[in-house]
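No hydrogens, no waters, no symmetry mates; every other heavy atom, side chains included, goes into these values. Below, chains carry the letters A, B, ... as their sequence lines are ordered, and counting in each starts from 1.
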Protein chains: 2
Amino acid sequence: MGFTVLPHRARYSVRRERGQVMPKQVRGPSMHDVAARAGVSHQTVSRVLNHHPSLRPETRDRVLAAITELGYRRNLAARALVTGRTQTIGMVGPDTADIGPLSTLHAIEKAAREAGMSTLMTSAEPARAQVLETVEFLLGRGVDALAVAAQQSEITMAIDQLNLDVPVVHLLAGDQDVTLAASVDQQAGVRMALGHLRDLGHERIQHISGPLTFGEARSRRATFEAFIASEGLELLPILEGDWTADSGYAAGRDVAAEATAVLCGNDQMAFGLIHALHDRGVSVPREVSVVGFDDTAEARHSLPPLTTVSQDFAAVGRAAVGLIVARLAGSDDAAPLIQPELLVRESTAPARG
Amino acid sequence: MGFTVLPHRARYSVRRERGQVMPKQVRGPSMHDVAARAGVSHQTVSRVLNHHPSLRPETRDRVLAAITELGYRRNLAARALVTGRTQTIGMVGPDTADIGPLSTLHAIEKAAREAGMSTLMTSAEPARAQVLETVEFLLGRGVDALAVAAQQSEITMAIDQLNLDVPVVHLLAGDQDVTLAASVDQQAGVRMALGHLRDLGHERIQHISGPLTFGEARSRRATFEAFIASEGLELLPILEGDWTADSGYAAGRDVAAEATAVLCGNDQMAFGLIHALHDRGVSVPREVSVVGFDDTAEARHSLPPLTTVSQDFAAVGRAAVGLIVARLAGSDDAAPLIQPELLVRESTAPARG
DNA sequence: TTCCGGACTGGGACCGGTCCCAGGCTAGCA
DNA sequence: TGCTAGCCTGGGACCGGTCCCAGTCCGGAA
C-alpha cells in the first residue's frame, strides 16, 4: 500500500458573499480525532462513550484522557441522525406568563436534564390552528415526546386527537380524558379547603371558578358542588373568572350578600376579590373568609395573608418526565396523583353570627 | 447493466431485549422518497426547500406536491450535521420561578420562533460550577447562541469570561460590563419614580434594594444615590432585600421613622413592606408612600394598588433575539435600551406635614 | 454553422456519530 | 494438541441532509 495524502480538514474557512468575509461555523474535534490521539479506532471511542462492558480499563482510560485533552464533545446531530432520537422533550406552554404553568415547565426542565434530556419550549394560544402549528414546529425539530402544560380543553383535546407517534403527557389536565396525565388531586384540594371553612362554621360558601374551558376549573367546580350537596348546604350561584386578579375584582361585585366565605379558583382572583370587598367596605376575614389556590409567592404577604391550597408544581413536572422516560423505554408507568396541601393563614376566620 | 435488488427500507422494526419486543423509532419519508415520487433528484428537492432561484416553476410545484402527499418533514439532525448550525438558542434562566426572568424567557421563545429558531431552556443556580455545567450542557446540545437571563454577577461574569465561540447575549444585566446586552433603562426608571415622589413633596425617601449581587440592583441603587445627592436631599440608610416578599417584610422593621416614602427594588418586596408597615400600624399611603418595580399582575389589586415602574420584558426578549440573529448573520447590531414606564396608583400620596 | 453563457438539473462526497459484522487473541476443555 | 467460547477491537455501511462540481439544453451572438 502506498501513502495517501488526506486533505487537511479546515477548522476555519471563509465564504465570500457580496464582498464580505463571513466566519463559518467552527467545528470541534470529532470522534476520529480522539481515536487517532488515543491510538484506537473510532468504534472504540464510541464504546467508551456508551459504557460498553467489554473494554480493557487501560484502553478506556486512554480514550478518556484523549477526550479531555482535546476537549471533545459528542455531536448530537450526528447521533440523532442515526438513532432517530433527539433526547428532547417538546413543551407546549400557555401564551401567558402565568406563574402556575411556567413553574411547571420550569420543573419539567430540571427533571428532564437530570434524565439526560433537554426541553424545547414553545407556547400556544388556545386556537386549533395555532396549536397544530406549534405541534408541527416541535415535530419538525424532532422531539421524542410532548409535554403539554396548556390546559384549555381546546388545546388538550386538539393535541390528544392527533394520535402522534411520540408519547404525549398532559399536565394538570383536570377532568379531561387524556391518554397520559400528571396531575394534582383537585378533589382533595377542594375538600380540604371546604372542610376548613365548614369547621369554622361557614354554611353559605360561594365559589369563583376559573374559566370552564380549563379542565382543572371544571374539576374544582364539580367537587365544590358535590361537597355542598353532600353537606346539605345552600348552593349559591357560581361565578366564573378568567384566572386574573381583574376578573376576581369584577366578581367581587356579584358576591352574594349572605355569603360568609368564598373559595377562589386561584390566588390571583382571590387578591382581586379581596380588593373589591375592601372597596365595598367588607372586611376580610371578619365578615367574609377567602381561600385561594396555588400559594403564589405573594400569598404570604397579601393583606390579609391568604389561606390557600398549595400545589407542588415541581412534583408534577418530575412525574411528567418520569412518565415520558418510562414510555420511551417501552414500559408503562402509572401516573401518580400528587397531593395538595392546605395552608391556613389569616384570610379565613370563624363565621360571623 | 443488470437489475439491482435494493433492500426494502423498513419503516418499522423490532429489537429483542430480554425477551421483550420493543418498538423502534418510526422514520418518516426522506428527501429521496420525495425525489423519487416527483421524478427528480434529491438535489432538486433540496433546492426547492432552500428557495433556489433557478428552478422551473413546474418542477417546483411537482416537488411541493410530492412533499405534501408524503407528509415529508425535513430532518434537522441531518441538516445540522452538515451545516454545523442547529438553529437553536440556549437560554440560561434563574433557578427560581420568578415572574420577571421567566417572562423574559417566554418572550425570547416567541421571538426566536418567529425567526425560525427554537429555544433550549435551562436554569442555573448562582454558583460557578453550576453555571459552567449548564453552559457545557447547552454547548453539548450544539446551540448556536446563548441568552442569559440569570442576572447575578456571578453567573453573568462567569459566562462572559468563558470567551465562547457562540454569541452570548445578557438580558437585564444592569451595570455589568458584558459584551452584548439587552436591557431596560434602569436609570430612567428610578428617576421617574423618584421624580414622582419629589413632586408629591417627599424629602426623606428610603430605598430597599435588591441583592447587590445583581447588576440591576446596583444600577438602581447607584441612580438612587445620585438622585438624592443632586436634589440635595437627606440620604437615609439603604436597606438590602433578596427580591422576595419575605425580605421586604423583614426590611419593614428597619425603615426609618422619619422616612415618608420608600422605593422598593421590585413589587414583591413592596408587598412585604406594606404588610410589615400595616402590622406596625403605619398607613400606606397616608403616612408612607411606597413605589415598586416590575408591575406584576398582582400590583394592580394589592391593597392599596401599587404605584410601580413597568418594564416591558417582552421587548427585552425581542431585542435579545434581534441581536443574536444579527450576530449569526455576521453583522453587528446596536442594542437598544428599552424605556420603562411609571404607573401611578394608590400607594403614593402627597407627603404628610 | 459554431461558439458561448446562462438556466436548470443530477451525481457523488461529506458531516460525525451508531450499528452490524468479522477478526485476533486468550483461556478452558476434551 | 486441537477446538471452541468469550473478551476485546477494528472496518465499513448507513442515517438524511448540504455542498461542490459537472453536465444538458437552449437562445443569441459571431
Length of the line joining [X]:[atom1] and [N]:[atom2], which is rounded to integer Å:
X: R85(B); N: dG16(D); atom1: CZ; atom2: C1'; value: 20 Å
X: H42(A); N: dC14(D); atom1: NE2; atom2: P; value: 14 Å
X: R60(A); N: dC7(D); atom1: CZ; atom2: P; value: 17 Å
X: D33(B); N: dG16(D); atom1: CG; atom2: P; value: 8 Å
X: M31(B); N: dG12(C); atom1: CE; atom2: C1'; value: 15 Å

Pairing residues for [X] by the side chain to side chain contact (heavy atoms under 4.5 Å, CB included) criterion, not counting sequence neighbours:
X: V82(A); result: none
X: A111(B); result: R318(B), V321(B)
X: R60(B); result: V48(B), L55(B), L64(B)
X: S183(A); result: A181(A), L337(A)

Problem set entry | All pairs passing salt bridge (Lys or Arg N to Asp or Glu O under 4.0 Å) where residues 148-161 of chain B contributes a residue, at least two apart |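 For residues 148-161 of chain B, and leaving out neighbouring residues, there are no salt bridge (Lys or Arg N to Asp or Glu O under 4.0 Å) pairs at all.
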
Problem set entry | Residue pairs passing the salt bridge (Lys or Arg N to Asp or Glu O under 4.0 Å) test where at least one lies in residues 38-52 of chain A, sequence neighbours excluded |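 Not a single pair qualifies under salt bridge (Lys or Arg N to Asp or Glu O under 4.0 Å).
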
Exercise. Which of residues 43-58 of chain A have a heavy atom under 4.0 Å from DNA chain C?
Worked result: Q43(A), S46(A), N50(A)

Exercise. Residues from residues 63-79 of chain A sitting under 4.0 Å of DNA chain C, heavy atoms only?
Worked result: Y72(A), R73(A), R74(A), N75(A), A78(A), R79(A)

Exercise. With respect to V45(B), which candidate in T59(B), V40(B), D33(B) satisfies the side-chain contact (heavy atoms from CB on, under 4.5 Å) definition?
Worked result: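 Only one option passes, and that is V40(B).
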
For this session: Only counting residues at least two apart or in another chain, list the ones meeting ring-ring contact (aromatic ring centres under 6.0 Å, His included) with H52(A).
Result: none

Problem set entry | Of V82(B) and G39(B), the one whose closest DNA chain C nucleotide lies more 5' | G39(B)

For this session: Could you say whether V40(B) or L81(A) is positioned toward the 5' end of DNA chain C, judged by the nucleotide with the nearest heavy atom to each?
Result: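 Looking at DNA chain C, the more 5' nearest nucleotide goes with V40(B).
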
For this session: Take the C1' atoms of the five end pairs on each side of the helix from dT1(C)-dA30(D) to dA30(C)-dT1(D), derive the two axes, and give their angle rounded to 10 degrees.
Result: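 Here the helix ends are tilted 60° relative to one another.
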
Seminar exercise, completed: Minimal heavy-atom distance between I324(A) and V169(A), with the atoms involved, is CG1-CG2, 3.6 Å

For this session: Just compare dT9(D), dT9(C), dT18(C) and give me whichever is closest to any side-chain atom of T59(A).
Result: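 Comparing dT9(D), dT9(C), dT18(C) against the side chain of T59(A), the answer is dT9(D).
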
For this session: For R56(B), check salt bridge (charged side-chain N to carboxylate O under 4.0 Å, His left out) against everything at least two apart and list the hits.
Result: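 Salt bridge (charged side-chain N to carboxylate O under 4.0 Å, His left out) check on R56(B) returns nothing, list empty.
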
Exercise. Which residues pass the salt bridge (charged side-chain N to carboxylate O under 4.0 Å, His left out) test with R74(B), sequence neighbours left out?
Worked result: none

